[in-house]
Amino acid sequence: MVTVPAKPYDFELQPDKAALLIIDMQRDFIEPGGFGAMLGNDVTQLEPTIKPLKALLAAARAAGMLVMHTREGHKPDLSDLHETKRTRGRGTTTIGDEGPMGRILIIGEPGQDIIPDLYPIAGEPVIDKPGKGAFYATELAYLVAQHGLTQLIVCGVTTEVCVHTTVREANDRGIDCLVLSDCTGSYFPEFHETALRMISAQRGILGWVGDSTGVIAALTEPAEPAAMS
Ligand code: TIU
């Protein structure tokens with residue numbers, strides 16, 4: 001057990017029962033011409049999450065912690081897309097239409113993939129999710145059970161949409177979530193701040209909020225020296 005500074009109080013990290021869960025760091029949300037831009041957002045707002053997340057990802061891999069990635073997206077035949085989601089927003093282009101990075105939010109298209117800086121390596125599960133929550137209609141619950149996880153370090157975008165929905169789903173499944181303020185981001189800075197406050201408020205009603213520095217320090221902490229005989 002290692003202690004990570006967090007709100008509303010320190011998070012007792014159990015590295016063997018924890019995984020790093022990186023939510024939807026996809027070109028479709030972070031680069032121009034994708035789903036995020038199609039919704040009318042300023043995608044540059046998400047850029048500051050990349051650098052700290054890259055450092056955290058390297059530390060998690062070096063520590064041997066399980067890393068899981070999610071990607072919001074739909075099957076090419078749109079059979080897993082609710083009509084409500086397809087038509088919401090009344091935009092001229094929508095999910096499944098052609099864009100500069102291929103068909104918008106479609107599995108296998110360049111835009112739906114994870115950004116090169118945070119690209120998964122062999123052995124790291126990549127979970128395609130049709131909804132905002134990472135547990136809805138995915139294999140995540142099976143992976144959590146198979147790996148005996150009781151804690152998730154949650155990062156990615158956007159704080160108030162897919163990160164929040166996933167944290168709420170995890171919380172209701174008995175999983176403690178530590179959400180990292182510098183490794184999550186929103187198109188709306190005020191929503192980011194408020195979403196984080198909503199997690200740690202009420203003595204941690206949905207979980208904990210920390211940052212990458214605290215987790216990296218915990219993951220790189222030297223082992224306790226063996227007692228002298
Ligand atoms: N639009 C927005 O803020 N988010 C999403 O649509 N998906 C995720 O948060 N990944």
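Numbering of ligands and ligand atoms starts at 1, following listing order. The analysis underlying the following values was restricted to heavy atoms, covering all of them including side chains, and did not include hydrogens, waters or symmetry mates.
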Exercise. Going through the checks in order, is the side chain to side chain donor-acceptor pair (under 3.5 Å) test met by Ser212 and Asp182?
Worked result: CA-CA 7 Å; Ser212 62; Asp182 55 340; 2.5 Å; yes

Problem set entry | Interfacing atoms of ligand 1 (cut-off 4.0 Å, heavy-atom, Lys132) | 5 (C), 6 (O), 7 (N)

For this session: Would you check if Met25 and His69 make a side-chain contact, meaning some heavy-atom pair closer than 4.5 Å?
Result: no

Exercise. Would a 4.5 Å heavy-atom cut-off, applied to side chains only, mark Val43 and Ile30 as touching?
Worked result: no

Exercise. Would you call Glu83 and Arg88 a salt bridge, taking side-chain N to carboxylate O under 4.0 Å as the test?
Worked result: no

For this session: Can you pull out the closest protein heavy atom to atom 4 (N) of ligand 1? Residue, atom name and distance to 0.1 Å, please.
Result: Thr158 OG1, 3.5 Å

Seminar exercise, completed: ligand 1 to Phe35, heavy atom cutoff 4.0 Å, flagged ligand atoms 6 (O)

Exercise. For atom 1 (N) of ligand 1, what is the nearest protein heavy atom, given as residue, atom name and distance?
Worked result: Leu39 CD1, 3.6 Å

Problem set entry | Validation row: Glu31, Glu47 side chains within 4.5 angstrom (heavy atoms) | no

Exercise. Hey, is ligand 1 close enough to Tyr187 that some N/O pair sits below 3.5 Å?
Worked result: no

Problem set entry | Subset of ligand 1 atoms that lie under 4.0 Å from at least one heavy atom of Val157 | 8 (C), 9 (O), 10 (N)

Seminar exercise, completed: Of all protein heavy atoms, the one nearest atom 5 (C) of ligand 1 is Phe29 CE2, 3.4 Å

Exercise. Side-chain contact, heavy-atom cut-off 4.5 Å: Asp16 with Met65?
Worked result: no

Seminar exercise, completed: A student checking ligand 1 against Cys162 at a 4.0 Å heavy-atom cut-off should list atoms 7 (N), 8 (C), 9 (O), 10 (N)

Exercise. Near Asp24, which atoms of ligand 1 are under 4.0 Å from a heavy atom of that residue?
Worked result: 8 (C), 10 (N)

Exercise. Is the NZ atom of Lys17 crowded by more than 12 outside heavy atoms at less than 6.0 Å?
Worked result: no

